[in-house]
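Throughout, protein chains are lettered first and strands after them, A, B, ... in sequence-line order, and every chain is numbered starting at 1.
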Amino acid sequence: MRPVGGRRVSGQQPRNCAPPGKKGRLRREIFWPCGPNYVKKGTIRTGKAMTTVRTRFSPSPTGSLHLGGAHTALFNWLYARRHGGVFILRIEDTDKERSQEKFVAEIQESLTWLGLTWDEGPYRQSRRLHIYQEYVERLLAAGAAYYCDCDPEELKVRRETMLARGEKPRYDRRCRELGLGRGPTAAVRFKTPLSGATHWRDRIKGPIAFDHAELDDLVIMRADGIPTYNFAVVVDDITMAVTTVIRGDDHVPNTPRQLLIYEALGVEPPEFAHMPLMLGQDRAKLSKRHGALPVLEYRRQGFLPHTLNNYLARVGWSHGDQEIFSPEELIRYFSLENVGKSAGIFDMEKFLWLNSHYLKEMSPLEVGGNLAFYLAAAEGGRPDPGYFARVAATLQARCKTLAEMAQAAAFYFRDPRPYEAQAAAKFLIPANVALLREIMGRLEALPELTEAAVSGMLKDVADAAGVKVVNVAQPVRVALAGKTVSPGLGDVIAILGQEEVARRLQNAIRFIEENSSPDESARRT
RNA sequence: GGUCCCAUCGUCUAGAGGCCUAGGAUACUGCCCUCUCACGGCAGAGACACGGGUUCGAUUCCCGUUGGGACUACCA
């Protein structure tokens, strides 16, 4: 868990020392943080002399942005912001089958909602095909790649056969030395070294090594000229001058393949930081299949964007015992050194708590503004910000999400009827008619409808009747809110206003009279 | 199966060999506050996966076991 080697040198991050290349040109003379000579004491330069940090978030538009993606995007964004760097958005849409335009839009909307704004992009891999082509040529010319015209279907069969035989399902390299030329069905494969090993020092995981014997000759460009993931990533990260690749540790196995491509291209690679994955309740990687919800779904459910950022930041990263971070603090404190290695599980309970925390912290006016948005769909409430603020103030400490608050606030905007059945059965009974009448009268007599005045009145009524306040409060509550749960009656009454309160009390009395049999009401009144 | 990664309360985590009687947060339980429900306050229960080393001393370093996860495509 502790940094190894140079990772701790006075808190400085080793970075590439050369300026980013211009327009597709390779960067020259780059300090390679992954190499064996990584950080000799005293070689780290500080501040201005170093290259600007450049990170990227590169989702593929094959689905909505979900929590896992937002987690990765946040760490990249935070790291870039922390170091005054550049955050790049890149859409990896080389999977023509599954990529969809609507997801490109949704991903951007999600990031924007979260406030994870990008400085460059969105770049689209599908519009950079000529660049990949150029790099493939280079590899081909250098003898680091070769054409392969094996039939994909047959490859699949071979793979299954190997698997069935208990062998490793790898490409058998039968085209490797054939010297095949370009052709309509020929894909390009990377010529992976047969022996040796690739290793790097991960900014988060420390040293990692893979034997080349474990790797096979991956396809880097399909027969149709579309590059595959591992190749496109490398070319993009080179041409976009990415300095730090921060991604989920599910990409660790891809890294040696990419490092080999950098090497074949003669380019020093960026540094890598593989962050721990965030798992679902079932401990499996978050994915659509495991019920990972789109980020926008959390917006719909009434979570604040900063709740997501704060929560996500604390999965895999920490700053001592601190749990609550303002956006500025997140940026100020974020560092790769404090990113842990082990995967974390998304905990809805804590997530809800965090959201409720922010709901309580915000000003009533702000919460009210948000609440109006959630109510608009359902209730079409009054568009008066002041009114929403007063309503919000009574609900802030009682709700965990804005959607929940909208529900709880509904009675402020419309008639409470129909009453909740159980509540009505228990409190809207003939025995309480007199009480409701008295309350109505007393309210009219109050010089001012304030929380204190109403509370005092309720207590007086209770005292006079020799009962507890709760006994007078509940019938009134059901009459006004339609249920046994609501904010304090003093606030409710003050907000609803004299006229509306009188109407609701009257309605409740009428309801009781209509719903009880004549002799029952005679007996109990 | 193979390769790689990971391992502190249920969950997120603090922990840089003695500061640990292992801290915080959440969730849970109890009490207090209280017109309901919440909020809030106080208290409680709850973890170093196991086995070997190294060391005067391991939660911490090394090895192994076990467990979990990821990857294993002309997906990303």
Side-chain contact check for Lys360(A): nearest option of U36(B), G40(B), C75(B) is G40(B)
Which of U36(B), C74(B), A25(B) is nearest the side chain of Trp353(A)? It is A25(B)
If the cut-off is 4.0 Å, is Lys156(A) near the phosphate of C74(B), judged by side-chain N/O to OP1 or OP2?
no
Between Leu279(A) and Leu286(A) the two heavy atoms that sit nearest each other are C-CD1, 3.8 Å
In Watson-Crick or G-U wobble terms, with both distances under 3.5 Å, the base opposite G1(B) is U72(B)
From the list Asp236(A), Thr228(A), Thr94(A), side chain to side chain donor-acceptor pair (under 3.5 Å) partner of Tyr132(A) resolves to Asp236(A)
- [ ] Would you mind classifying the nucleic acid contact of Thr484(A) as base, sugar-phosphate or nothing, using non-hydrogen atoms under 4.0 angstrom?
- [x] base
Hits for side-chain hydrogen bond (donor to acceptor under 3.5 Å, both in side chains) against Arg332(A), two or more places apart or cross-chain, chain-then-number order -> none
Of the candidates U26(B), C75(B), C74(B), the side chain of Glu349(A) sits closest to U26(B)
Regarding C39(B), purine or pyrimidine glycosidic angle vs 90° from 0 gives syn
For this session: Decide if the gap between the ring center of Phe413(A) and the ring center of Phe388(A) is smaller than 6.0 angstrom.
Result: yes
Whole-Å distance, Met457(A) CE to C35(B) P, equals 14 Å
Separation of A27(B) atom C1' from Tyr311(A) atom OH, nearest Å, is 12 Å
Note: for Glu323(A) and Thr228(A) on RNA chain B, the residue whose nearest nucleotide lies more 5' is Glu323(A)
- Task: Considering only atom P, compute the distance from C5(B) to G64(B) and round it to an integer number of Å.
- Result: 12 Å
Here the distance between atom C1' of U72(B) and atom CZ of Arg257(A), to the nearest Å, is 7 Å
Closest of A76(B), C35(B), C4(B) to the His251(A) side chain is A76(B)
Across all chains, not counting sequence neighbours, the salt bridge (charged side-chain N to carboxylate O under 4.0 Å, His left out) partners of Lys400(A) are none
Record whether the side chain of Asp347(A) comes under 3.5 Å of the base of A27(B) through a donor-acceptor pair of N or O atoms. no
Per salt bridge (charged side-chain N to carboxylate O under 4.0 Å, His left out), Asp249(A) is matched among Lys285(A), Lys205(A), Arg203(A) by Lys205(A)
Please state whether the phosphate of A76(B), meaning OP1 or OP2, lies under 4.0 angstrom from any side-chain nitrogen or oxygen of Thr62(A).
no
By the Watson-Crick or G-U definition, both distances under 3.5 Å, A47(B) is matched with none
Check your understanding: C48(B) and G23(B): how far apart are their P atoms, nearest whole angstrom?
Key -> 13 Å
Regarding the side chain of Glu451(A), the nearest nucleotide among C35(B), U3(B), C37(B) is C35(B)
| Can you tell me how far P in C31(B) sits from the matching atom in U36(B), rounded to whole Å? | 15 Å
By side-chain hydrogen bond (donor to acceptor under 3.5 Å, both in side chains), Gln133(A) pairs with (sequence neighbours left out) Glu137(A)
By the Watson-Crick or G-U definition, both distances under 3.5 Å, A16(B) is matched with none
Tabulated below should be each protein N or O lying under 3.5 Å from an N or O of nucleotides 20-23 of chain B; please produce it.
unit_1	atom_1	unit_2	atom_2	d
G23(B)	N2	Asp321(A)	OD1	2.8

(message) Rounding to an integer number of angstrom, what distance separates U60(B) and A43(B) when you compare their C1' atoms?
(response) 31 Å
Picking from C75(B), A76(B), C4(B), the nucleotide nearest the side-chain atoms of Ile208(A) would be C4(B)
Requested in this report: Please evaluate the base of C37(B) for a donor-acceptor partner in the side chain of Arg398(A) within a cut-off of under 3.5 Å?
Outcome: yes
Rounded to whole Å, the CG-P distance (Asp282(A) to G10(B)) equals 19 Å
Closest of A76(B), G2(B), U36(B) to the Lys168(A) side chain is G2(B)
Rounded to whole Å, CZ of Phe325(A) lies from C1' of A14(B) at a distance of 12 Å
Taking G46(B) as the reference, what is the distance to A38(B) when you measure between their P atoms (whole Å, please)?
27 Å
Phe210(A) atom CZ is separated from U3(B) atom P, nearest whole Å, by 11 Å
- [ ] Indicate the ring-plane relationship of Phe351(A) and Tyr311(A), choosing parallel, tilted or perpendicular according to the 30° and 60° boundaries.
- [x] perpendicular
pair_partner(A58(B)), Watson-Crick or wobble, both distances < 3.5 Å, evaluates to none
Of A73(B), C35(B), U13(B), the nucleotide closest to the side chain of Arg159(A) is A73(B)
Partner of U21(B) under the Watson-Crick or G-U wobble criteria, both distances under 3.5 Å, comes out as none
Item to complete: Pick base, sugar-phosphate or nothing for Arg283(A), based on heavy-atom distances below 4.0 Å to the nucleic acid.
Response: sugar-phosphate
Point to revise | Between Gln125(A) and Arg128(A), a side-chain donor and acceptor under 3.5 Å | key: no
Using the C1' atom as the reference point in each nucleotide, state the distance between U59(B) and A7(B) in Å, no decimals.
12 Å
Across every strand shown, the nucleotide meeting Watson-Crick or G-U wobble geometry with C39(B) (both distances under 3.5 Å) is none
Problem - C1'-based separation of U29(B) from C9(B) [nearest Å] - result: 15 Å
Re U34(B): Watson-Crick or G-U wobble partner, both distances kept under 3.5 Å, found to be none
**Item:** Pairwise C1' distance for A47(B) and A14(B), with rounding to whole Å
**Value:** 13 Å
The residue among Asp151(A), Asp216(A), Asp172(A) that forms salt bridge (charged side-chain N to carboxylate O under 4.0 Å, His left out) with Arg158(A) is Asp172(A)
The correct set of residues in residues 144-151 of chain A placing a heavy atom under 4.0 Å from RNA chain B is Cys150(A)
Looking at C12(B), does its base get a donor-acceptor pair with the side chain of Lys350(A) below 3.5 Å?
-> yes
- Under 3.5 Å donor-acceptor pair, Arg477(A) side-chain atoms to C35(B) base atoms: yes
Asn310(A) meets the side-chain hydrogen bond (donor to acceptor under 3.5 Å, both in side chains) criterion, sequence neighbours left out, with Tyr358(A)
Next item on the list: Mind telling me whether Trp353(A) and His357(A) have parallel, tilted or perpendicular rings, with 30° and 60° as the class edges?
Entry: tilted
Whichever of Asp491(A) and Lys400(A) has the more 5' nearest nucleotide on RNA chain B, that residue is Lys400(A)
Any strand, both distances under 3.5 Å, Watson-Crick or G-U wobble: U26(B) pairs with G10(B)
- Query: Is there a ring-ring contact (aromatic ring centres under 6.0 Å, His included) between Trp200(A) and Tyr262(A) once you walk through the steps?
  - Reply: CA-CA 13 Å; Trp200(A) 76 95; Tyr262(A) 276 101; over 10 Å; no
